Amino acid sequence: MRFPAEARRDVHVRYTRPSCMGGFAWFTVDFEPLPDGRLGFDFVNPLGPEDIDAECAQAVSDGILLWLVGAGRQNVNFDRPPLPTAKELAAGAPVRPDAGPGFIALRAVLRHSRLHPVDSLPLTHARAGRRPGRTGLSRARCQLLRSKTPHSVNGSAWT
């Protein structure tokens, strides 16, 4: 089974930390399954350097991949696990257990980004990179589960 099963478009992320060592990341990403039944992870950045620099774009890619393999929030900055290589991903890297069963077969396309001249840092973009996976892809899994299984909340069933 490949993950994700369907495309998720326009997943918006706005990450700001107003402090001395704050940060600013604001971007939109599309998730889609890889074509032709391939496994792996592709990150596509069609934006120019005025929208996002290469270092921050790579950090977004790393953050998404960290979420996919199941790294925790603390693993973005410290004790970062090694990311799977392209060869390992093509052979079949399992997706994190809470996202559902399957192997990673994802293309992430960066559609929009804003930069702040001081606070747009690669570290901030790596932290923010975990968010589209958490909000866009896991929400899709939750909606799929909710549509199939009614639950009882205070005596009333909802789907």
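Sequential numbering from 1 along the given sequence is applied to the chain's residues. What you see is a predicted model, and the numbers here were worked out from it, not measured in a lab.
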If you look at every heavy atom in [X] and [Y], which pair is closest and at what distance?
X	Y	answer
Pro84	Val69	CG-CG1, 3.7 Å
Cys56	Pro122	SG-N, 3.8 Å
Ala5	Pro33	O-CG, 3.8 Å

Transitive ILVMFWY side-chain link [X] to [Y], under 4.5 Å:
X	Y	result
Val29	Leu47	yes
Ile104	Phe43	yes
Leu34	Leu83	no

Set of side-chain contact (heavy atoms from CB on, under 4.5 Å) partners for [X], sequence neighbours left out:
X	result
Leu39	Arg2, Phe103, Ala105
Ala90	none
Ser120	Phe24, Leu115, His116, His125

Rounded to the nearest 0.5 Å, the CG atom of Leu66 sits from the CZ atom of Arg130 at a distance of 8.0 Å

Does any part of the side chain of [Y], heavy atoms only, come nearer than 4.5 Å to the side chain of [X], both counted from C-beta?
X	Y	result
Ile52	Phe27	no
Val11	Phe31	yes
Ser61	Asn45	no
Leu106	Pro4	yes

Going by the salt bridge (charged side-chain N to carboxylate O under 4.0 Å, His left out) test, which pairs reach into residues 47-67, not counting sequence neighbours? Asp62-Arg80

Among pairs that include at least one residue of residues 26-37, which meet side chain to side chain donor-acceptor pair (under 3.5 Å), considering only residues two or more places apart or in two chains? Arg9-Glu32, His12-Thr28, Asp30-Arg111

Starting from Val109, walk the hydrophobic network (Ile, Leu, Val, Met, Phe, Trp, Tyr; side-chain heavy atoms closer than 4.5 Å) and list everyone else you reach, by chain and number. Val44

